[in-house]
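Pasting a structure below so you can have a look.
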Amino acid sequence: MSKIRVRFAPSPTGFLHIGGVRTALFNWLFARHSGGSFVLRIEDTDRDRSTDEAIQVILEGMKWTGLDWDEGPIRQTDRLELYREKAMDLFHRGLAYWCVCTSEELETRRKDAQSRGESIKYDGRCRNRGISEPTEQAALRFIAPQEGQTVVHDLIKGDITFDNSVLDDLIILRSNGYATYNFSVVVDDGLMNISHVIRGDDHVNNTPRQVPLFQALGFSVPQFAHLPMILGSDKARLSKRHGATSVLAYQEMGYLPEALVNYLVRLGWSHGDQEIFSIKEMVEHFDFKHVQSSAAVFNPEKLKWVNAQYIRNNEPQQVAEALMPFLKKAGYDETAIAKIPGGVQALIPPLRERSETLLDVVDGAAPYLVESMPMDEAAATKHLTEAIVPRLKEFADAVEAEPDFSKETLERLLHGLIERQGLKMGKVAQPLRVALTGRTVSPGIYEVMALLGKERTLQRIRAAVERAWART
RNA sequence: GGUCCCAUCGUCUAGGCUGGUCUAGGACGGCACCCUCUCAAGGUGCAGACACGGGUUCAAAUCCCGUUGGGAUCACCA
């Protein structure tokens with residue numbers, strides 16, 4: 001049994017798509033599971049649409065998601081000469097021929113055939129012309145078998161049988177001398193000894209066209225595994241219309257790479273009822289037997305839930321590290337962060353229970369990172385009433401007089417106040433919350449005070465008291 | 001239109017290969033209740049699916065055929 005080698009072969013014509021990441025992930029998982037190699041190949045033979053920038057974005061996306069490759073990135077544009085040689089080799093062996101039909105002619109013939117309700121495949125008119133040295137623009141076509149059947153053994157879908165009569169004599173070298181996709185893929189997969197071609201099932205119909213090419217070129221035919229598509233909520237192929245589809249967009253929205261990967265692995269693959277997988281577990285359990293053969297709808301709500309699981313369960317330090325760039329981006333510098341007793345890490349435990357993304361954490365952290373926070377006017381009017389404000393002042397005085405600022409002490413002081421005044425906890429905690437954070441929603445009131453520190457806690461209560469009195 | 005693929009709760013899925021243990025399990029989302037200083041988190045519970053029709057069989061979500069529905073693909077794009 002030869003070594004397992006797989007590849008991910010994106011074309012750099014845009015950003016790295018969610019669907020692409022899932023394909024890359026399954027390749028990566030299979031390679032890691034079986035101790036094989038994962039090759040990254042950039043299919044940039046479409047020189048009009050491929051950009052270096054897009055290549056960088058792909059590499060960045062791969063790095064962010066943690067899908068590391070063993071070989072590459074290999075660019076097809078570095079191998080153009082190779083494809084040409086292989087194509088000419090086929091020609092010299094009589095397995096390919098020059099075709100001088102222009103694309104315009106082909107186009108009109110296709111239309112005619114279609115309007116007559118006939119097959120729109122190439123009619124093969126240049127097949128027997130025996131052009132050995134084309135004097136005009138010519139493309140090289142591969143002589144596809146027309147008899148019998150081609151059976152593709154797919155690890156996910158089982159055997160798929162195609163009648164060879166549907167096969168086209170496909171162009172392997174364009175008239176501009178460059179190889180086409182279907183040809184360069186086969187040459188590369190063959191030369192790179194790819195043992196398993198794992199790709200989206202939009203390639204199923206390409207497979208019977210490629211198999212004879214592998215054979216003609218003298219390569220052994222790899223095994224195939226065609227992954228089901230990822231759909232949008234309307235069951236149409238996932239696209240921009242369905243919201244973000246670029247991986248890096250998810251990074252920006254505050255998703256953790258391990259969460260995205262976890263969500264994606266469950267889109268089309270399962271291991272019993274398990275939902276949350278560490279990378280190690282995924283690698284250990286991954287197999288094609290449990291890959292779904294039907295398409296899956298991308299569900300942003302569940303992705304959020306998975307992300308929340310990781311935010312809540314990762315080490316606080318780890319979450320804090322991931323959070324830092326977001327805080328910087330939101331405009332908080334070291335001095336702002338230094339205001340919090342305990343630093344960034346202290347923010348994580350109280351805030352993460354109420355956050356699904358890192359952006360939520362940043363938002364929740366706002367009141368503790370600034371000198372004076374914006375006040376929700378409606379909340380102030382409702383909660384900072386004349387009746388309660390003296391109680392807040394009383395509480396502040398008590399806190400100030402106490403040298404200790406621990407939760408236990410604060411709890412004792414607040415409960416003392418409540419009992420003396422015959423109040424309910426909610427009657428005091430909510431105004432306190434508004435005074436301290438400017439909002440009606442926050443972590444527990446003692447956690448808020450801990451994040452603020454004694455100094456700012458007193459300051460804010462006093463400011464709120466002043467404000468309320470000034471208003472009357 | 002040709003060819004190919006697919007079909008379990010709204011969504012992701014378990015089960016299907018090796019029919020009975022499935023009056024179909026889990027998760028997201030929804031709803032209700034509990035907990036509670038707000039919001040969450042957490043806990044408990046509820047609603048919710050084998051596309052349809054034929055077979056095969058003592059027995060079918062599971063096997064076979066057909067229908068319907070969805071998707072992919074038919075380029076000198078990848």
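Just so it is clear, the model here is predicted, and its values are computed rather than measured. In what follows, chains are A, B, ... by sequence order, proteins preceding strands, each numbered from 1.
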Do the numbers put A:Arg84 on top of the ring of A:Tyr178, so that NZ or CZ is under 6.0 Å from the six-membered ring centre and no more than 45° off the axis?
-> yes

Under 4.0 Å between any heavy atoms, over every strand shown, what does A:Arg439 touch: base, sugar-phosphate, or nothing? Just pick one.
-> nothing

Which part of the nucleic acid, if any, lies within reach of A:Ser11 when heavy atoms closer than 4.0 Å are counted: base, sugar-phosphate only, or nothing?
-> sugar-phosphate

B/S/- contact track for nucleotides 24-32 of chain B, protein heavy atom under 4.0 Å = -BBBS----

Only counting residues at least two apart or in another chain, list the ones meeting salt bridge (charged side-chain N to carboxylate O under 4.0 Å, His left out) with A:Lys121.
-> none

Pairs involving residues 136-172 of chain A, ordered by first then second residue, that meet ring-ring contact (aromatic ring centres under 6.0 Å, His included) (sequence neighbours left out) | none

Pairing partner of B:A32 (Watson-Crick or G-U wobble, both distances under 3.5 Å) = B:U44

By a strict heavy-atom criterion of less than 4.0 Å, which residues belonging to residues 414-428 of chain A are in contact with RNA chain B?
-> A:Met425, A:Gly426

Using a 4.0 Å heavy-atom cut-off, write out nucleotides 66-74 of chain B from 5' to 3' as B (base contacted by protein), S (sugar-phosphate only) or - (no contact).
-> -----SBSS

Worked verdict on A:Ser293 versus A:His226 for side chain to side chain donor-acceptor pair (under 3.5 Å) | CA-CA 8 Å; A:Ser293 46; A:His226 287 101; over 6 Å; no

For A:Glu301, enumerate each residue passing the salt bridge (charged side-chain N to carboxylate O under 4.0 Å, His left out) test, keeping only those at least two apart in sequence or located in another chain.
-> none

Charged N to carboxylate O under 4.0 angstrom, A:Arg420 versus A:Glu394?
-> yes

Has the side chain of A:Ser175 got a donor or acceptor that lies under 3.5 Å from a partner of the other kind on the base of B:C76?
-> yes

